[in-house]
Amino acid sequence: MAKHPKRAGLMAAGVGSIAVAAALAAPAMFGVADQAVAAVPVPPMSLGINLAQPNYYSADRALMNLAKGAGWASQRPGVRGWQKFDPAQLDGAGRIKMLLPEERGNLALVPPEGAFGDKPTRIRCTWQGRGSLSVGGAGRASSNGGRSMEFDWAPANGPKAHTAWVTLSQVDPADPVRDLDCREKGASPTALFSPAYLRSLTGYKLLRFMDWQSTNINAPIDWANRPTPETQSQASKQGASVELMVALANEAGADPWFAMPWNADEDFQRRFATYVRDNLAPGRTVYVEMGNEVWNWAFRVTTQAKEEGMAAGLAPGNIGEAMLRRYAEKSTWMHKIWADVFKATPNRLVRVISTQNANPWSARVVLDYKDTAQNFDALATAPYFGGDTFTGDRVAQTDLDAAFRFMSADVDAALAKAAENKTLAARYGKRYLAYEAGQHVTSKDTALIAGTNRDPRMYDLYLKYMQGWQAQIGDTMMLYNSVGPISHFGAWGLSEYSGQPEADAPKQRAVSDFMRGLGGGEARAAN
C-alpha cells in the first residue's frame, strides 16, 4: 500500500521483540500448543474486508466527492514544493480562510474510476463562497465561471492514475471558499459514496475501518476537534468522521468494525459509541477494539502502551508483559464504556481483543489479566502467510516456483497457529476471528513483490487459504485490504486500483469466486 508504514519490517520488529519478551516471562508457555482439548466446533464462515484509507493516493475511490481525500497545501514563490499551511489560515474544518500575497493553495484530488481507463473523465467542481479556482496536473480545463468549473481528467490506461489537483489563487476572507465538491459531471449531487465502490463491497459481512480512522498514526484526538463530514480531508491524522463510516456501513449493508484511538478519552468513546448506537441501521452489529496491533513494536502505540505499563508497575522488569497488560487494562476500560452505551441492546455489540497470531502466549497474558476475560466477546489475530518468503536464504529472489511452494506450506502453518488461538478463545467461551488476513510478501525489490502478487498461482493460494479457514476455523476472516497500489511497502490490496479487471487481479478474482460459494458473490460477479 502506498506510503503505508504498517508492514515495513513487521515480521522482524513485531514477532522477534514479542517472542523475546514472552520467553523471558513464561518460557514454559511460549510456542506450546494447547493439548488434550476437545475439538472446537467450526462455525459457518463469512468474509470481511479492511478498507483502504480514502486518501488521494490509495487508488481506491470511495467517496463521490473527489476533494475529500487530502488537505490544502501551500505553494509560495521561492519555497520549494508544497508546504503545510499556517493553522491560522485555516478554519476548524481545514478550509482556507486567507492567502498570503502570491500564495496559492493546492488540493490533490482522489482519482475517479475512469482515471485508470483509456478515455478522459469529465469532472465538475462546485463550491460556495468567493475565490478563484483552477485545475492542475492531469486536469484539462474545459470551463470556469462563477462557483463551478469543469475539466477532463486525462486517462492512465493502467494501474497508476495521473494526479490532478485544484488550485485556489484568490479567496475572499469575508466569504471564503467552502463546500468544495468535485465529481463526475452528471453524477448524483447528493450521493456520498461511489456506486462502483458500493458494488465492490457486495458479499462482505464486515467492514474494518482501521485505516479510515488513521489508528496507526496514534494522534491526539478529542470530541470537540474530531473530524466531521464538513472536514476538508477525510484522510487526516484524526481519520474520517464517524458519520461517514456509519453511513457507509448502512449503505453497504455490512457491520462496521472500529479500531478506536488509544488517546481518545471517555467522553470521545462514549459519544462515538452513542452515535453508532443511534444511527447504525437496525439489525446491524458493531465490532470494536482498542487501537490496532498494540503487540507490534513497529507501531507508536506499542511503545506508548509499554511506557504506560512500566510506569504503572504492571510487570516490573518485563517490558513485553507490561505492554500487554496495559493493552488489556485499556481495552477493558473501553469495552465497559461501550457495553454501558449498548446495555439496552447488548447483542448489537461485539467487543474484540486482538493479539499476535504467531504467539498465542500474548493472548494468554492479555486474557488472564484481571477482569479482561469478563469484558470481551471475541479474540482476533492476523494469520498472514508468506512474510518470510524472501528473507534469509529460504528462497532465491528469482525462484518463484520455490516461493510458491514455501507460501503454500506457510498457509498451513498460519492456519495451525490460528487453530491454537481459536482453542484458547474457546476456553474462555469466546468467538475467534481474523482481524486481518492475506499474503504478507515483503522485499526490497518492488518488482519481485509485484511479480509474486500478480502471478496466477496467487489465485490458487488464496483459494487454498480461504478454504482452509472455512474447513478448520470458521467464523469471520477479515481480508487486508480492499485496494492499494504495489510499492516497496508491499502489495496489500486485493486489487491495485478501483475497477481493475479481475483477470489482472488474481487475489480479487479468488475472493470473488470463493464468495460465490458462500452465497454472496453473485452481485459482484455481475459487475
Side-chain angles (χ1 to χ4, degrees), residues 43-51 204-210 212-213 215 221 223 226 239-262 264-294 327-355 363 366-367 369-381 421-422 425-426 428-436 474-478:
M45 178 184 177
S46 61
L47 281 177
I49 189 72
N50 282 265
L51 301 179
Y204 290 116
K205 179 182 178 182
L206 267 163
L207 308 178
R208 189 166 180 254
F209 286 102
M210 182 269 294
W212 274 53
Q213 293 177 274
T215 306
I221 192 168
W223 192 257
R226 70 183 181 89
S241 68
V242 63
E243 292 90 346
L244 277 179
M245 292 185 284
V246 170
L248 178 57
N250 288 342
E251 289 202 36
D255 294 339
W257 180 325
F258 298 111
M260 298 302 292
W262 184 270
D265 61 13
E266 180 173 350
D267 179 64
F268 185 98
Q269 294 281 358
R270 191 171 293 278
R271 289 177 183 269
F272 193 108
T274 299
Y275 183 88
V276 175
R277 181 198 65 194
D278 295 344
N279 291 276
L280 188 62
R284 302 256 65 90
T285 300
V286 58
Y287 291 63
V288 63
E289 63 179 311
M290 170 52 71
N292 174 65
E293 292 192 355
V294 180
Y327 169 64
E329 184 177 73
K330 194 76 179 277
S331 294
T332 300
W333 165 81
M334 182 194 72
H335 287 153
K336 288 179 178 179
I337 296 170
W338 279 71
D340 183 59
V341 172
F342 279 83
K343 59 188 175 185
T345 55
N347 60 319
R348 298 190 71 202
L349 175 66
V350 177
R351 300 161 297 171
V352 181
I353 290 289
S354 296
T355 54
V366 172
L367 301 184
Y369 187 66
K370 292 186 176 180
D371 58 345
T372 304
Q374 289 74 53
N375 289 282
F376 86 107
D377 306 299
L379 174 67
T381 69
N421 285 287
K422 177 183 175 179
Y428 291 88
K430 311 296 184 179
R431 293 170 62 187
Y432 170 68
L433 320 168
Y435 66 85
E436 293 176 16
D475 214 316
T476 301
M477 171 185 271
M478 304 290 296

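All residue numbers in this chain count up from 1 along the given sequence.
Between the side chains of E266 and W333, no donor-acceptor pair is found at a separation under 3.5 Å. For the residue pair T355 and T381, no side-chain donor N or O sits within less than 3.5 Å of a side-chain acceptor on the partner.
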TODO: Apply side-chain contact (heavy atoms from CB on, under 4.5 Å) to Y432 and D475, showing your working.
DONE: CA-CA 7 Å; Y432 170 68; D475 214 316; over 6 Å; no

Task: Derivation and outcome, side-chain contact (heavy atoms from CB on, under 4.5 Å), residues R431 and T476 - done: CA-CA 9 Å; R431 293 170 62 187; T476 301; 4.0 Å; yes

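Between Y204 atom OH and L51 atom CG the span is 9.5 Å, to the nearest 0.5 Å. Considering CD of Q374 and CG of L367, their distance stands at 10.0 Å, rounded to 0.5 Å. Rounding to the nearest 0.5 angstrom, the gap separating the OG1 atom in T372 from the NE2 atom in H335 is 9.5 Å. Rounding to the nearest 0.5 Å places CG of D267 at 13.5 Å from CZ of F272. Atom CE of M245 and atom CZ of F258 lie 5.5 Å apart (nearest 0.5 Å).
Relative ring orientation between F209 and W212 is described as perpendicular, the plane-to-plane angle rising above 60° on a 0-90° scale split at 30° and 60°. Taking the six-membered ring for Trp and thresholds of 30 and 60 degrees, Y327 and W262 have nearly parallel ring planes, at less than 30 degrees apart.
When all heavy atoms are compared, the tightest approach of S331 to M290 is OG-CB, 3.5 Å. Scanning all heavy atoms of the two residues, the minimum distance from D340 to R270 falls at OD2-NH1, 2.8 Å. In plain terms, the two heavy atoms of R226 and F268 that are nearest each other are CB-CE1, 4.1 Å. The two residues A252 and L207 have their closest heavy-atom pair at CB-CD1, 4.1 Å. Contact between F342 and A273 at its shortest, heavy atoms only, is CE1-O, 3.7 Å. What you find for V341 and R277 is that their closest heavy atoms are O-NH1, 3.1 Å.
Between N292 and R208, some side-chain heavy-atom pair lies under the 4.5 Å cut-off. Counting only heavy atoms from C-beta outward, the side chains of E289 and M210 never approach each other to under 4.5 Å. Residues R351 and M334 are not in side-chain contact: their nearest non-hydrogen atoms beyond the backbone lie 4.5 Å or more apart. Side-chain contact between L433 and M478 is absent, with no heavy-atom pair separated by less than 4.5 Å. Using a 4.5 Å cut-off on side-chain heavy atoms (C-beta onward), L379 and K430 make no contact. Residues P256 and V286 form a side-chain contact, since some pair of their non-hydrogen atoms from C-beta on lies under 4.5 Å apart. Within the 4.5 Å cutoff, no side-chain heavy atoms of N50 are placed close to those of W257. Residues Y435 and V352 fail the side-chain proximity criterion, which asks for heavy atoms closer than 4.5 Å.
Panel note: side chain N375, backbone K336; no donor-acceptor pair is recorded below 3.5 Å. The backbone N or O of A259 sits less than 3.5 Å from a side-chain atom of T215, completing a donor-acceptor pair.
None of V246, V276, D255 except one satisfies the side-chain contact (heavy atoms from CB on, under 4.5 Å) rule with R284; the exception is D255.
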